[in-house]
Amino acid sequence: MTAVQGATVEISTPDGVADAYLTHPDDGGRHPGVLLYMDAFGLRSSLRALADDIAAAGCTVLVPNVFYRHGPAPVVELPEYIDPDERPELFRALGPMIHELTREVAVRDAGAYLDRLTRCEYTAPGPIGTAGYCMGGRLALYTAAAFGDRIAAAAGFHTGGLVVDGPDSPHRVLGTVTAELYFGHADADPSLPPEQIEQFDQALAAAGLRYRTEVYPGAHHGYTQSDTSAYDRAADERHRRELLGLLDRTLRG
């Protein structure tokens, strides 16, 4: 496996300074850029390890702490292993931070993240890929919609709330997306019931996009996150194959 080099960096945004993790192949070269959005539990060692694996496949990866307005990561104290009994208490703290990330706020931040990634000496010229987990999938989609041809690929994994009431519903932004999209849904995900999946697929088709959506049988919400009780090794490995395949065909020409 290719050796990588990772470090914590700071990003100036219109609302302050965001901490982030930047990782890239340790070969001195320039590689396609990937903006990776965290799940609700935030920027932590397991997510850095995932970013390192994507970097080892030949990408320069930036993972911002999207909760930076509340301090550097970790913004809440996390156990080494997150089990169901701990989730309610965690989400009482995280819930308000998640709700603060409206589409307007997310797009404002995304511009700063993209500029930082594009300026990086280890990022190759050309379009960027973006992907996200849980709520991060919505942020990836907002980014793809707002930044047009700067984004060649966008993916979401176990992303809930893709079709909801209100102007911020992710399915409402598809008309300005030009990227190729991939979504890997968790089976029996309470945050994305079957009717939402069907409505989201209909919206994707109506927008005329290049896309693929799949339901991962037996996988629970959070199946990619190795430090949680929802982790599913087979589903995680599938997600990695799909994500790396998407990035390879869209970012390497």
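Thr123 is linked by a side-chain hydrogen bond (donor to acceptor under 3.5 Å, both in side chains) to nothing, counting only residues two or more places apart in sequence or in another chain. Here Asp227 pairs with Arg44 under the salt bridge (charged side-chain N to carboxylate O under 4.0 Å, His left out) rule; sequence neighbours left out. For the side-chain hydrogen bond (donor to acceptor under 3.5 Å, both in side chains) test, no residue two or more places apart in sequence or in another chain qualifies with Arg172.
To the nearest 0.5 angstrom, Leu192 atom CG is 11.0 Å from Cys134 atom SG. Taken from CD in Glu214 to NE2 in His239, the straight-line distance is 13.0 Å, to the nearest 0.5 Å. To the nearest 0.5 Å, atoms OH (Tyr231) and CG (Asp236) are separated by 3.5 Å. Separation of atoms OH (Tyr81) and OG (Ser229) is listed at 5.0 Å; rounding is to 0.5 Å. Here the OG1-NE2 distance, from Thr224 to His158, works out to 2.5 Å after rounding to the nearest 0.5 Å. Atoms CG and CG, on Leu243 and Leu50 in that order, are 8.0 Å from each other to the nearest 0.5 Å.
Contact annotation: the side chain of Leu47 never approaches that of Phe41 to less than 4.5 Å [non-hydrogen atoms, C-beta and beyond]. At a threshold of 4.5 Å between non-hydrogen side-chain atoms, the residues His171 and Leu162 do not count as touching. When side chains are defined from C-beta on, Leu114 counts as touching Ile151, because their heavy atoms get closer than 4.5 Å. Residues Asn65 and Met38 are in side-chain contact: their nearest non-hydrogen atoms beyond the backbone lie under 4.5 Å apart. When side chains are defined from C-beta on, Glu89 does not count as touching Val76, because their heavy atoms never get closer than 4.5 Å. The side-chain heavy atoms of Leu43 and Phe67, taken from C-beta on, include no pair separated by under 4.5 Å. Leu62 has its side chain within reach of Val9: a pair of non-hydrogen atoms, C-beta onward, lies under 4.5 Å apart. A 4.5 Å side-chain heavy-atom check between Arg103 and Pro170 finds every atom pair outside the cut-off.
What you find for Thr143 and Ala110 is that their closest heavy atoms are OG1-CB, 3.5 Å. Of all heavy-atom pairs between Pro193 and Pro190, the closest is CD-O, 4.0 Å. Between Gly58 and Pro25, the closest heavy-atom pair is CA-CG, 4.0 Å. The heavy-atom pair separating Ala51 from Val63 by the smallest distance is CB-CG2, 3.7 Å. For Ala154 against Ala144, the heavy-atom pair with the smallest separation is CB-CB, 3.9 Å. Heavy-atom minimum distance, Ile11 versus Ala112: CG2-O, 3.7 Å.
Below 30°, between 30° and 60°, or above 60°: for Phe200 and Phe183 the angle between ring planes is above 60°, a perpendicular geometry.
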Next on the checklist: If you apply the rule side chain to side chain contact (heavy atoms under 4.5 Å, CB included), what do you find for Glu180 with Leu246, and how did you get there?
Outcome noted: CA-CA 8 Å; Glu180 181 177 342; Leu246 174 69; 3.7 Å; yes

Next on the checklist: Run Tyr216 and Asp232 through side-chain hydrogen bond (donor to acceptor under 3.5 Å, both in side chains) and show every step you take.
Outcome noted: CA-CA 10 Å; Tyr216 288 24; Asp232 184 315; over 6 Å; no

Checklist entry - Can Leu141 and Leu174 be said to form a side chain to side chain contact (heavy atoms under 4.5 Å, CB included), step by step? => result CA-CA 8 Å; Leu141 191 53; Leu174 294 174; 3.9 Å; yes

Checklist entry - Should Asp52 and Tyr21 be marked as a side-chain hydrogen bond (donor to acceptor under 3.5 Å, both in side chains) after you check the CA-CA gap, both sets of side-chain angles, and the distance that decides it? => result CA-CA 10 Å; Asp52 284 342; Tyr21 181 66; 2.7 Å; yes

Item to check | Audit row: Val177, Tyr211, side chain to side chain contact (heavy atoms under 4.5 Å, CB included) steps and yes/no | outcome: CA-CA 11 Å; Val177 172; Tyr211 75 92; over 6 Å; no

Next on the checklist: Using the rule given for side-chain hydrogen bond (donor to acceptor under 3.5 Å, both in side chains), can you reason through Thr213 versus Asp201, listing the C-alpha separation, both sets of side-chain angles and the distance that settles it, and then say yes or no?
Outcome noted: CA-CA 8 Å; Thr213 66; Asp201 282 347; 2.7 Å; yes

Item to check | Verdict with supporting geometry, Val173 and Arg138, side chain to side chain contact (heavy atoms under 4.5 Å, CB included) | outcome: CA-CA 10 Å; Val173 307; Arg138 297 193 296 271; over 6 Å; no

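Annotation for Glu10: atom CD does not count as buried by contact number, only 12 or fewer foreign heavy atoms lying within 6.0 Å. In this structure, Glu77 places its CD atom where only 12 or fewer heavy-atom neighbours from other residues, nucleotides or ligands lie under 6.0 Å away. With a 6.0 Å radius and a threshold of 12 heavy atoms from other residues, nucleotides or ligands, His70 has its NE2 atom above the threshold.
A distance-only check finds no donor-acceptor pair linking the side chain of Ser169 to the backbone of Asp165 [under 3.5 Å]. Not a single donor-acceptor pair under 3.5 Å links the side chain of Asp39 to the backbone N or O of Tyr133. Between the side chain of Thr60 and the main chain of His24, no donor-acceptor pair closer than 3.5 Å is present. In this structure a side-chain-to-backbone donor-acceptor pair under 3.5 Å is missing from Ser191 to Gly161. The backbone N or O of Gly245 lies less than 3.5 Å from a partner atom in the side chain of Arg249, making a donor-acceptor pair. Asp187 contributes a side-chain N or O that, together with a main-chain N or O of Gly218, makes up a donor-acceptor pair within less than 3.5 Å. No donor-acceptor distance shorter than 3.5 angstrom exists from the side chain of Gln196 to the backbone of Val164, with no hydrogens or angles considered. Side-chain atoms of Arg252 do not come within 3.5 Å of backbone N or O of Leu247 as any donor-acceptor pair. Arg210 places a side-chain N or O within donor-acceptor distance of the main-chain N or O of Thr178, the cut-off being under 3.5 Å.
Residues Val4 and Ile54 are members of separate hydrophobic clusters, defined by side-chain heavy-atom contacts under 4.5 angstrom among Ile, Leu, Val, Met, Phe, Trp and Tyr. Residues Val66 and Val75 are members of one and the same hydrophobic cluster, defined by side-chain heavy-atom contacts under 4.5 angstrom among Ile, Leu, Val, Met, Phe, Trp and Tyr. Hydrophobic clustering (side-chain heavy atoms under 4.5 Å, transitive across Ile, Leu, Val, Met, Phe, Trp, Tyr) keeps Tyr122 apart from Leu251. Follow the hydrophobic side-chain contacts under 4.5 Å out from Val17 and you never reach Tyr113; the two are in separate clusters.
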